[in-house]
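These notes are about the structure you will find just below.
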Number of protein chains: 2
Amino acid sequence: MTTRWLDDQDLRVWVRMVAVLELLPAQLDSHLRRVADLTYFEYYVLAMLSEAPERSLRMSELAVRTNATLPRLSHVARRLEARGLLQRTTAHDDRRVTMARLTEVGWDKVLVTAPEHVEQVRSLVFDALTPEQVTQLGEITEALLGVLDPEGHMSVPYSRHALDDL
Amino acid sequence: MTTRWLDDQDLRVWVRMVAVLELLPAQLDSHLRRVADLTYFEYYVLAMLSEAPERSLRMSELAVRTNATLPRLSHVARRLEARGLLQRTTAHDDRRVTMARLTEVGWDKVLVTAPEHVEQVRSLVFDALTPEQVTQLGEITEALLGVLDPEGHMSVPYSRHALDDL
DNA sequence: GTGTATTAATTGATAGAACAACTAATACGA
DNA sequence: TCGTATTAGTTGTTCTATCAATTAATACAC
């Protein structure tokens with residue numbers, strides 16, 4: 001098997017990309033833990049619900065949109081429910097289905113947390129880039145998602161409201 | 001506190017960026033687990049050592065380069081040592097210091113795994129981008145690291161050898 | 001209709017990550 | 001040179017993630 005190595009330029013780009021993949025989520029996660037006592041994933045779950053009609057989604061759909069397995073989501077939902085941030089109810093028409101709905105407390109949590117999170121995103125990402133670079137980043141991420149997520153599962157709530165976009 | 005929201009374009013870019021941050025590491029991790037029985041982080045540790053002089057680094061330096069805390073690295077090093085992939089020895093001049101060194105088996109592991117990993121990186125990332133986009137991605141990641149890692153800790157082995165670049 | 005297959009979600013067990021507490025060795029100040 | 005502070009790592013505990021097994025409800029074939 002002959003290996004196609006990365007050429008020198010690709011290599012330098014990749015080293016930096018790896019660093020970004022490591023550092024950016026870590027810093028967002030750490031910020032959310034500090035200001036909201038939420039993991040990045042927990043915040044993401046709440047944010048997805050907050051964008052959905054009735055602030056409610058069935059577990060399996062929520063799992064798809066957060067790229068989580070159902071077991072993982074189920075555990076997280078149990079903890080969030082214990083904290084009063086969301087509520088689970090069985091669907092009437094199909095009693096296998098569980099609907100997860102944001103409570104008022106959960107909604108307030110998103111309302112308070114989202115601005116701080118957005119500010120963090122802005123200062124870590126958008127403030128560091130020129131408008132051209134933002135455009136380029138949009139095209140690059142689009143191209144990458146063509147490979148990583150051809151079905152587009154993670155881009156469903158594409159930009160409904162401006163509130164809790166991540 | 002007045003919130004500066006993201007405008008519509010930034011928002012769409014960010015949604016996709018979030019998806020990439022979630023999916024790309026997950027797919028690289030899952031690939032490495034399958035082909036090498038290594039987590040992404042474990043592979044990264046071995047790769048960093050493989051680039052270092054004597055294939056050896058002190059634990060604290062290795063921690064900086066992998067963006068890990070010392071406790072985390074210590075646990076991982078214990079497991080890798082148990083698998084015979086690296087060896088830890090106390091330094092003579094300062095006996096507080098532990099040197100982690102890649103064993104022959106560990107080196108072979110990197111030699112076998114790196115090409116498969118690089119192929120995965122190529123197919124998930126570089127094959128999806130035009131040469132211009134790769135250049136742009138290089139500039140963008142550089143700008144981001146100016147904020148995320150101003151000290152440049154994670155870019156130390158900048159492109160010494162072409163082997164085990166990630 | 002009854003039995004089987006499929007779907008939706010939860011539960012339980014094991015492995016990994018994060019944080020705090022601890023140990024051991026060196027540096028340093030009076 | 002004695003005591004304290006600092007540095008380098010490890011260990012232990014708790015929380016989260018992952019995978020397998022299980023439960024429960026619906027769909028479907030005969």
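Residue numbers begin at 1 in each chain, while the letters A, B, ... track the order of the sequences. As the structure is a computational prediction, the values presented were derived from the model and not from experiment.
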Please tabulate, one pair per line, all N/O donor-acceptor pairs under 3.5 Å involving side-chain atoms of residues 53-60 of chain B, not counting sequence neighbours.
| residue | atom | partner | partner atom | Å |
| --- | --- | --- | --- | --- |
| B:R58 | NE | B:S60 | OG | 3.3 |

All N/O contacts under 3.5 Å from nucleotides 1-7 of chain D to the protein, with atom names and distances to one decimal?
| residue | atom | partner | partner atom | Å |
| --- | --- | --- | --- | --- |
| D:dT7 | O2 | B:R96 | NH1 | 3.3 |

Roughly how many Å is it from [atom1] in [X] to [atom2] in [N], rounded to a whole number?
X     : N      : atom1 : atom2 : answer
B:L62 : D:dT10 : CG    : P     : 11 Å
B:L70 : D:dT11 : CG    : P     : 12 Å
A:M59 : D:dA24 : CE    : C1'   : 15 Å
A:H92 : D:dA25 : NE2   : P     : 16 Å
B:R78 : D:dG12 : CZ    : C1'   : 11 Å
B:D29 : C:dA15 : CG    : C1'   : 13 Å

Worksheet item: So which nucleotide from C:dT10, D:dG9, C:dA8 ends up closest to the side chain of A:R88?
Response: C:dT10
Practice prompt. When you get a sec, tell me which of D:dA25, D:dT10, C:dT26 is the closest nucleotide to the side chain of A:D94?
Written response: D:dA25
Between protein and nucleic acid, restricted to nucleotides 16-20 of chain C and to nitrogen or oxygen atoms under 3.5 Å apart, what atom pairs and distances do you find?
| residue | atom | partner | partner atom | Å |
| --- | --- | --- | --- | --- |
| C:dA17 | OP1 | B:R72 | NH2 | 3.1 |

By side-chain contact (heavy atoms from CB on, under 4.5 Å) - contacts of [X] (at least two apart):
X      : value
A:R72  : A:F41, A:A68, A:T69
A:V147 : B:L124, B:A128
A:D37  : A:R83

Discussion item. So A:S74, base contact, sugar-phosphate only, or nothing? Heavy-atom distance under 4.0 Å.
Written reply: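 It contacts base atoms.
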Practice prompt. Anything under 30° is parallel, anything over 60° is perpendicular, the rest tilted; go ahead and classify B:H117 against B:Y43.
Written response: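 Aromatic pair B:H117/B:Y43 classed tilted.
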Item to complete: May I have all residue pairs that pass salt bridge (Lys or Arg N to Asp or Glu O under 4.0 Å) and include part of residues 127-138 of chain B, sequence neighbours excluded?
Response: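 Residue pairs with at least one partner in residues 127-138 of chain B: A:R4-B:D127.
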Item to complete: Scan residues 17-34 of chain A for pairs that pass salt bridge (Lys or Arg N to Asp or Glu O under 4.0 Å), counting only residues two or more places apart or in two chains.
Response: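 Listed by first then second residue: A:D29-A:R33.
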Worksheet item: Just by distance, do the side chain of A:E42 and the backbone of A:L80 share a donor-acceptor pair under 3.5 Å?
Response: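 No, the answer is negative, given that no donor and acceptor are paired below the 3.5 Å cut-off.
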Worksheet item: Members other than A:M99 in its cluster, when Ile, Leu, Val, Met, Phe, Trp, Tyr link by side-chain heavy atoms under 4.5 Å?
Response: A:V97
